[in-house]
Student: 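Dropping the structure in here first, questions after.
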Amino acid sequence: MNKSNQIFVIGITGGIGSGKSTVAGLIAKRGYLVISTDELAKEVMLNDSEVKLKLESCFGKKIYSDDGKLNPGELSQLVFNPDDVKFSALNKLNAIVHPKVIDAMTEVIESKEQSGERIIFVESALIYEAEIDEGFDCIIVVDSLVKNCIQRTIARSGLTKDEVLLRMKSQISLEEKRLAADFVIENNSTMEDLSGSVDFILNIILEMYK
Ligand code: ATP
C-alpha cells in the first residue's frame with residue numbers, strides 16, 4: 001500500500017463494538033468497494049501453511065480442528081487471558097498474522113487498482129495498533145460510548161462484560177483513535193442516524209477525491 005497510488009484508500013476503524021462493520025456495511029450498500037482485514041486474517045489463518053505451522057507451534061495443535069478449521073474460541077481463550085497482563089500471547093499472535101494480513105491487503109488493493117477501481121474502503125480493527133495508518137489516504141474512526149460498545153458486543157457475541165473489557169484493554173483507546181482520525185462518526189444513536197452520518201462523511205470524502 002502506498003499513498004502515491006492512484007487508488008484512494010480509506011480506512012474504517014474504531015474500538016470493539018463501536019460499529020465498524022455496520023458502517024462498512026452501509027458504505028458497501030451504497031455501491032462502494034469495501035474489504036475487511038478481519039476476513040483476510042481468517043483466510044490467512046486458514047490457508048497460509050506457514051502461518052498455520054507457526055500458530056500451532058506457538059499455541060498448540062488444538063487451535064485447529066481435525067478437518068483443518070480454525071477453532072476461534074480456543075485461540076481467544078489463549079490470547080485473552082486476564083493473567084497475561086501484558087497480552088504477550090496476543091502480541092505473539094499478531095506478530096505471526098499481521099504481516100501476512102498486510103501483504104494480503106496490499107495485494108488486493110493493488111489488484112483492484114490495476115483493474116481500474118479508484119476508491120476502496122478497508123475495514124480494520126487494528127489500523128493504529130498495527131501502525132499501518134500512514135498507508136491510508138484518510139481514516140474514519142467509528143466512535144461510540146464505552147457503555148454502548150460493551151452492550152452491543154455482549155448482545156452480538158455472548159461474551160461477558162469482563163471479557164469485553166479485557167479486549168478493550170488490549171486495544172488503543174478510542175480517545176487516542178479519535179484524535180488521530182481524519183473523520184469521526186459518532187455511533188450513539190439509531191441506525192437511521194448512523195446511515196445519515198455515513199452519507200455526510202461520504203459526500204465530503206468524494207469531494208476530497210475529485
Ligand atoms: P467488533 O469490534 O466486535 O468487530 P464492530 O465495531 O465491527 O465490532 P459492529 O459489529 O458493527 O461493531 O456492531 C456491533 C453490534 O452492534 C452489531 O450487532 C450491530 O448490528 C449493532 N449496532 C451497531 N450500531 C448500532 C446502532 N446505531 N443501533 C443499533 N445497533 C447497532
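Quick note: residue numbers are just sequence positions, from 1. Order of listing sets the numbers, starting from 1, for every ligand and every atom in it.
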Student: Out of curiosity, does M168 fall in the hydrophobic cluster containing L145 (side-chain heavy atoms, cut-off under 4.5 Å, transitive links)?
Tutor: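 Result: no, two separate clusters.
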
Student: Mind checking whether L194 has an N or O less than 3.5 Å away from an N or O of ligand 1?
Tutor: no

Student: Measuring from the heavy atoms of A125, does anything fall under 4.0 Å of ligand 1?
Tutor: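 Heavy atoms of A125 never come under 4.0 Å of ligand 1.
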
Student: Test of understanding: clusters of I, L, V, M, F, W, Y form through side-chain heavy atoms closer than 4.5 Å, transitively. Do F183 and I185 belong to the same one?
Tutor: yes

Student: Distance only, no hydrogens: is a donor on one side chain within 3.5 Å (strictly under) of an acceptor on the other, for S124 and T37?
Tutor: yes

Student: Please evaluate residues T160 and I154 with respect to the criterion side chain to side chain contact (heavy atoms under 4.5 Å, CB included), reporting the C-alpha separation (whole Å), side-chain torsions for both, the decisive distance (0.1 Å), and the verdict.
Tutor: CA-CA 6 Å; T160 65; I154 289 174; over 6 Å; no

Student: Quick check with a 6.0 Å cut-off and a 45 degree axis cone: is K52 positioned over the face of Y64's six-membered ring?
Tutor: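 Positive - K52 is close enough to the ring of Y64 and near enough to its axis.
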
Student: Taking all atoms of both residues into account, what is the closest heavy-atom pair of I16 and Q171, and its distance?
Tutor: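 Between these two residues, the closest heavy atoms are N-OE1, 3.3 Å.
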
Student: For atom 31 (C) of ligand 1, grab the closest protein heavy atom and report residue, atom and distance to one decimal in Å.
Tutor: R152 NE, 3.8 Å

Student: Pick whichever of G19, A24, G17, S197 has a heavy atom sitting closest to atom 1 (P) of ligand 1.
Tutor: G17

Student: Which heavy atom of the protein is the closest neighbour of atom 29 (C) of ligand 1, given with residue, atom name and distance?
Tutor: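 Result for atom 29 (C) of ligand 1: M191 CG, 4.2 Å.
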
Student: Verify whether one side chain among S65 and N71 offers a donor that lies under 3.5 Å from an acceptor in the other.
Tutor: no

Student: Could you tell me whether ligand 1 has any atom less than 4.0 Å away from a heavy atom of S157?
Tutor: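 S157: no contact with ligand 1 (<4.0 Å).
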
Student: Report the nearest protein non-hydrogen atom to atom 9 (P) of ligand 1: residue, atom name, distance rounded to 0.1 Å.
Tutor: T22 OG1, 3.6 Å

Student: Given that the side chain starts at C-beta and the backbone is N, CA, C, O, which of these parts of R156 lies under 4.0 Å from ligand 1, counting heavy atoms, or is it both or neither?
Tutor: side chain

Student: Mark yes or no: R167 above the aromatic ring of F80, with NZ or CZ under 6.0 Å from the six-membered ring centre and no more than 45 degrees from the axis.
Tutor: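 That pair qualifies as a cation-pi contact.
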
Student: S21 to ligand 1: N or O pair under 3.5 Å?
Tutor: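 Indeed, backbone or side chain, S21 has an N or O that close.
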
Student: Within the structure, is a non-hydrogen atom of T190 found at a distance of less than 4.0 Å from ligand 1?
Tutor: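 Yes.
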
Student: Report yes or no: does S144 have a heavy atom closer than 4.0 Å to ligand 1?
Tutor: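 Not so, S144 does not reach ligand 1.
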
Student: Can you name the one residue among I10, I127, D182 that meets side chain to side chain contact (heavy atoms under 4.5 Å, CB included) with F136?
Tutor: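 Passing option: I127.
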
Student: Report the nearest protein non-hydrogen atom to atom 6 (O) of ligand 1: residue, atom name, distance rounded to 0.1 Å.
Tutor: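 Result: K20 NZ, 2.7 Å.
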
Student: Heavy atom under 4.0 Å from ligand 1: found in C149's side chain, backbone, both, or neither?
Tutor: neither

Student: Heavy atom to atom 24 (N) of ligand 1, shortest distance: which of I12, I16, N187 holds it?
Tutor: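 The residue whose heavy atom sits nearest atom 24 (N) of ligand 1 is N187.
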
